[in-house]
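These notes are about the structure you will find just below.
All figures in this text were calculated on a predicted structure; none of them were measured in a lab.
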Amino acid sequence: MSAAFDTVIIGAGNAGVSLAARLRRDGQHNIALVDPSPVHRYRPMLNYAATGLARMGRYERAMSSVVPAGVQLLPHLAGRVDTDAHTVTLGPRDEGPTVTYDDLVVCPGLTPRWDAIPGLDRAYIDGWAVSAHVPEYAGRACAALVRVREGTVVFSVPPEPASCGGTVLKAMFLACDRWRREEVLDRIDVHLVTPFRGLLGLDPCDSRLQPLIQQYGITVHDESEVAAVDHHARTVTLDGPVPATIEHVNLAYVTPLSRAPKFVAEAGLSDGGDAGLVEVDPQLLRHARVDSVWGLGDAATVGTRPSGGALRSQVAVVADNLRAARDGGTVARYDGYTIIPIAVSRDRLMLAEHDRDGVPAPSVRGIDLTVPRRSTYAFDRYLQPVVYFRKLLRGRV
């Protein structure tokens, strides 16, 4: 049994649902969303949940409830893509139905590479390694960070590709602020491991954050990555200009390295790198070799750091270019805009907006949003989730 669609979108996260809604608003019909998850999650709230400032259940919806009207949800994994036949076979062992498409949009998000950091999976099982960036461990991350009262805690910004990796700083600063208010911060040795120079390799963001690093007493290991975790010795080994081993670790907030789902490489759509990302033109977001395939989001070679703000721009570009490819018209280009929201305390937050070259790209003129403010915290924490569910997922932003 098979079905034919004008557009098949693999992945029903922020990118997939927003794009489907935008295409429907543009008048396109016969769209399918492929995703096995029964739950749609507002992921930016994960770091708030990890530090006990939000209940993640309030920011989850049944997947069927967020799929736009007129769009068919296919609740399966994408097992195999045949770009010559224009087909997607559903199911983990290619045992499900096959659907055909005129255009295929690939935005499945990233999957953990547990074998890339030896020992990390065991540390997760033992409970002393956590990360809200692995959603199924968000609840455990909250319990772990709230429970810490002394000892050594390691936070690690994952190297790219990563899903909003820079927001690990949000979890770190919120945890430190909590520990300071509870008067236990002076008993906790906090380490930050980052693959970038400085903190995120971005100015003026890094300059704004350096005083807080000193204030919270955080030891920074920049241009470094977590190379291994020893769950017996409770150590975290770092690879970088100054290799080091952090000993007697009470808690490791370490996100596993990520890759695109394997079907991308198996279909010949990847860039050939270790992460197997969908190889697209970073401006047009059309596949580099297959004209009927498009890509956006964390698992595509868009040339910038992933974020919800980046997806907003990418969705508009893909929607416009799909229409241009079918009907003619002006081609849109993605400039690499992205944004990293970093809460520095429970009531102040800064925004790092930049393009794919790391050049600041402020969205509001006359106000320096790299200065931590109560207003930006309130928007990120309380208003943005409302905009997400009521506007963005409905193609209205």
Side-chain angles (χ1 to χ4, degrees), residues 42-54 132-133 145 155-158 160 162-181 185 190 192-220 222 253 255 304-313 335-388 392:
Y42 178 61
R43 293 179 62 93
M45 197 56 60
L46 287 168
N47 282 302
Y48 287 114
T51 49
L53 294 177
H133 288 242
L145 287 171
F155 290 89
S156 175
V157 176
E160 301 296 334
S163 181
C164 301
T167 57
V168 165
L169 298 186
K170 178 189 286 188
M172 181 185 73
F173 285 127
L174 287 173
C176 287
D177 180 60
R178 182 186 187 113
W179 295 330
R180 179 178 58 183
R181 288 184 288 105
L185 181 60
V190 182
L192 171 65
V193 183
T194 174
F196 306 107
R197 182 186 295 271
L199 298 176
L200 295 177
L202 299 170
D203 268 327
C205 169
D206 284 8
S207 297
R208 295 286 190 197
L209 294 175
Q210 282 295 345
L212 290 163
I213 292 290
Q214 297 172 7
Q215 178 181 325
Y216 287 130
I218 299 168
T219 300
V220 177
D222 67 343
Y253 195 95
T255 304
T304 198
R305 302 184 199 181
S307 74
L311 289 179
R312 200 171 306 168
S313 300
D335 63 4
Y337 172 86
T338 192
I339 182 171
I340 306 173
I342 304 170
V344 300
S345 68
R346 66 181 301 172
D347 62 357
R348 292 181 185 272
L349 179 140
M350 63 170 291
L351 298 176
E353 299 175 285
H354 56 93
D355 64 16
R356 61 170 49 93
D357 296 319
V359 177
S363 58
V364 178
R365 298 192 180 278
I367 302 176
D368 185 357
L369 296 180
T370 67
V371 175
R373 301 173 186 272
R374 288 188 173 90
S375 57
T376 48
Y377 179 92
F379 181 84
D380 188 73
R381 172 65 180 83
Y382 300 107
L383 185 57
Q384 183 67 13
V386 177
V387 173
Y388 179 81
L392 196 146

_Quick check: do F379 and L349 have side-chain heavy atoms less than 4.5 Å from each other?_
no
*So which heavy atom on K170 is nearest to which on P44, and how close?*
NZ-O, 4.0 Å
*Could you check whether the rings of Y388 and Y42 sit parallel, tilted or perpendicular, using 30° and 60° as the cut-offs?*
tilted
*asked:* Taking P158's backbone N and O only, do any of them form a donor-acceptor pair with S156's side chain (distance below 3.5 Å, no angle check)?
replied: no
*Is the side chain of W179 donor-acceptor paired with the backbone N or O of Y216 at a distance under 3.5 Å, no angle test?*
no
*State, with a plain yes or no, whether a side-chain heavy atom of I340 is found less than 4.5 Å away from one of L351.*
no
*For R208, side-chain hydrogen bond (donor to acceptor under 3.5 Å, both in side chains) partners two or more places apart*: D368, T370
*asked:* For Y377, give me all partners under ring pair (Phe, Tyr, Trp, His ring centres under 6.0 Å), at least two apart in sequence or on another chain.
replied: Y48
_Chi angles and distances behind the side chain to side chain contact (heavy atoms under 4.5 Å, CB included) call for R312, L392_ = CA-CA 8 Å; R312 200 171 306 168; L392 196 146; 3.4 Å; yes
*For the side chain of R305 and the backbone of E160, is there at least one donor-acceptor N/O pair under 3.5 Å apart?*
no
*Ionic contact status for D380 with R373, cut-off 4.0 Å*: no
*With sequence neighbours left out, which residue pairs that include part of residues 171-180 fulfil the salt bridge (Lys or Arg N to Asp or Glu O under 4.0 Å) condition?*
D177-R180, D177-R181, R178-E182
*Does the side chain to side chain contact (heavy atoms under 4.5 Å, CB included) test come out yes or no for L53 and L174, once each step is laid out?*
CA-CA 9 Å; L53 294 177; L174 287 173; 3.8 Å; yes
*Does the side chain of M172 come within less than 4.5 Å of I218's, by heavy atoms?*
yes
*Heavy atoms only: give me the nearest D206-L199 pair and the separation to one decimal.*
OD2-N, 3.1 Å
*Just wondering, do C164 and R43 contact through their side chains at under 4.5 Å, heavy atoms?*
no
*Least distance between heavy atoms, A171 atom then T51 atom*: O-CG2, 3.5 Å
*Are V157 and L192 close enough that some pair of their side-chain heavy atoms sits under 4.5 Å apart?*
yes
*So, T338 and S307: side-chain donor and acceptor under 3.5 Å apart, yes or no?*
yes
*What's the shortest heavy-atom distance between G166 and L200, and which atoms?*
CA-CD2, 3.9 Å
*asked:* Tell me which pairs pass salt bridge (Lys or Arg N to Asp or Glu O under 4.0 Å) where either residue lies in residues 343-355, with sequence neighbours left out.
replied: D347-R374
*List the atom of F155, the atom of V168, and the distance in Å for their closest heavy-atom pair.*
CB-CG1, 4.3 Å
*Test side-chain contact (heavy atoms from CB on, under 4.5 Å) applied to R197 - qualifying residues, sequence neighbours left out*: D222, E223
*Report yes if the side chains of V190 and C176 come closer than 4.5 Å at any heavy-atom pair, otherwise no.*
yes
*What closest approach, in Å, do A132 and A50 show between heavy atoms, and which atom pair accounts for it?*
CB-CB, 3.7 Å
*Qualifying residues under ring pair (Phe, Tyr, Trp, His ring centres under 6.0 Å), relative to Y337, sequence neighbours excluded*: none
*Do I342 and L209 come within less than 4.5 Å of each other through their side chains, counting heavy atoms only?*
yes
*With side chains defined as the heavy atoms from C-beta onward, is the minimum distance between H354 and L202 less than 4.5 Å?*
yes
